[in-house]
Q: 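Encoded as structure tokens, here's the structure I'll be asking about.
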Amino acid sequence: MSTRPVHYWLMKSEPDEAGIDHLARDGKLGWFGVRNYQARNFMRDQMQVGDVVLFYHSSCPEPGIAGIAEVSSSAYPDPTQFESESKYFDPKSSRENPRWMQVDVKFVKKTRLMGLPEMRAMPELADMQVLQRGNRLSITPVSRAEWEAISKKL
DNA sequence: GCCAACGTTGGC
DNA sequence: GCCAACGTTGGC
């Protein structure tokens, strides 16, 4: 039995950019492009290798949970912040003092799509952060109870 | 395409 | 440090 605490996360990705099928094909994905301090801090300060990730499709016809992934690296500087031709370029960041971090995530499995309306209808998820009004964070913590309620139905 | 909600920026 | 203006997210 592991003594390492495992955290659960929900991470949003646009399926046009990187959906669960991309991850299934490649096995692994660098989670670059996060440009929000709260989301960065979650990756930098709280994520650990082995943490469980609910892979969520956003900005698409059917938003919802589409699969499971696992954190496979600790946080390291996101290289796209230094690439002047990248849309994620940040002129205020430097290699000496990088502003943005990423983690790597590996494929665990594809699930049926648990859509947003279904999630909203589950009483166990009433307090889930991603479902709160006005939420825009691309990375949010998921409680163990929320994880259990969701995984039971996937 | 609309728009609510939120984060960031920059003038003062 | 305040806050208006602006940009972005993301569901619909």
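Chain A is the first sequence line, chain B the second, and so forth, proteins listed ahead of strands; every chain is numbered from 1. Quick caveat, the model's predicted, so the values are computed rather than measured. Both backbone and side-chain heavy atoms feed into the values below; hydrogens, waters and symmetry mates do not.
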Q: What is the separation between atom CG on A:Leu10 and atom P on C:dG10, rounded to the nearest whole Å?
A: 11 Å

Q: Pair A:Arg112, A:Glu118 - check salt bridge (charged side-chain N to carboxylate O under 4.0 Å, His left out), show working.
A: CA-CA 12 Å; A:Arg112 74 178 180 89; A:Glu118 180 179 353; 2.7 Å; yes

Q: How many Å lie between CE on A:Met119 and P on C:dG11, as a whole number?
A: 10 Å

Q: Is the gap between the ring centers of A:Trp100 and A:Tyr37 under 6.0 Å?
A: yes

Q: Indicate the atoms forming the closest heavy-atom contact of A:Pro15 with A:Cys60, along with that distance.
A: CG-CB, 3.6 Å

Q: Using heavy atoms and a sub-4.0 Å distance, could you list which residues of residues 54-69 of chain A are near DNA chain C? By number, please.
A: A:Tyr56, A:Ser58, A:Ser59, A:Pro63

Q: Looking at residues at least two apart in the chain, or sitting in another chain, which of them share a side-chain contact (heavy atoms from CB on, under 4.5 Å) with A:Ser74?
A: none

Q: Is the shortest side-chain heavy-atom distance between A:Arg144 and A:Tyr8 below 4.5 Å?
A: yes

Q: Assess the residue pair A:Asp78 and A:Arg40 against the criterion (salt bridge (charged side-chain N to carboxylate O under 4.0 Å, His left out)); give the C-alpha distance rounded to whole Å, side-chain angles, the decisive distance to 0.1 Å, and a yes or no.
A: CA-CA 10 Å; A:Asp78 175 346; A:Arg40 179 205 65 184; over 6 Å; no

Q: Any protein N or O atoms within reach of nucleotides 7-9 of chain B? Criterion: under 3.5 Å, listing atom names and distances.
A:
unit_1: B:dG7; atom_1: O4'; unit_2: A:Arg136; atom_2: NH2; d: 3.0

Q: Report the residue from A:Met43, A:Met101, A:Gln102 that forms a side chain to side chain contact (heavy atoms under 4.5 Å, CB included) with A:Val34.
A: A:Met43

Q: Specify the closest pair of heavy atoms between A:Phe32 and A:Thr80, including all atoms of both residues, with the distance to one decimal.
A: CD1-CG2, 3.8 Å

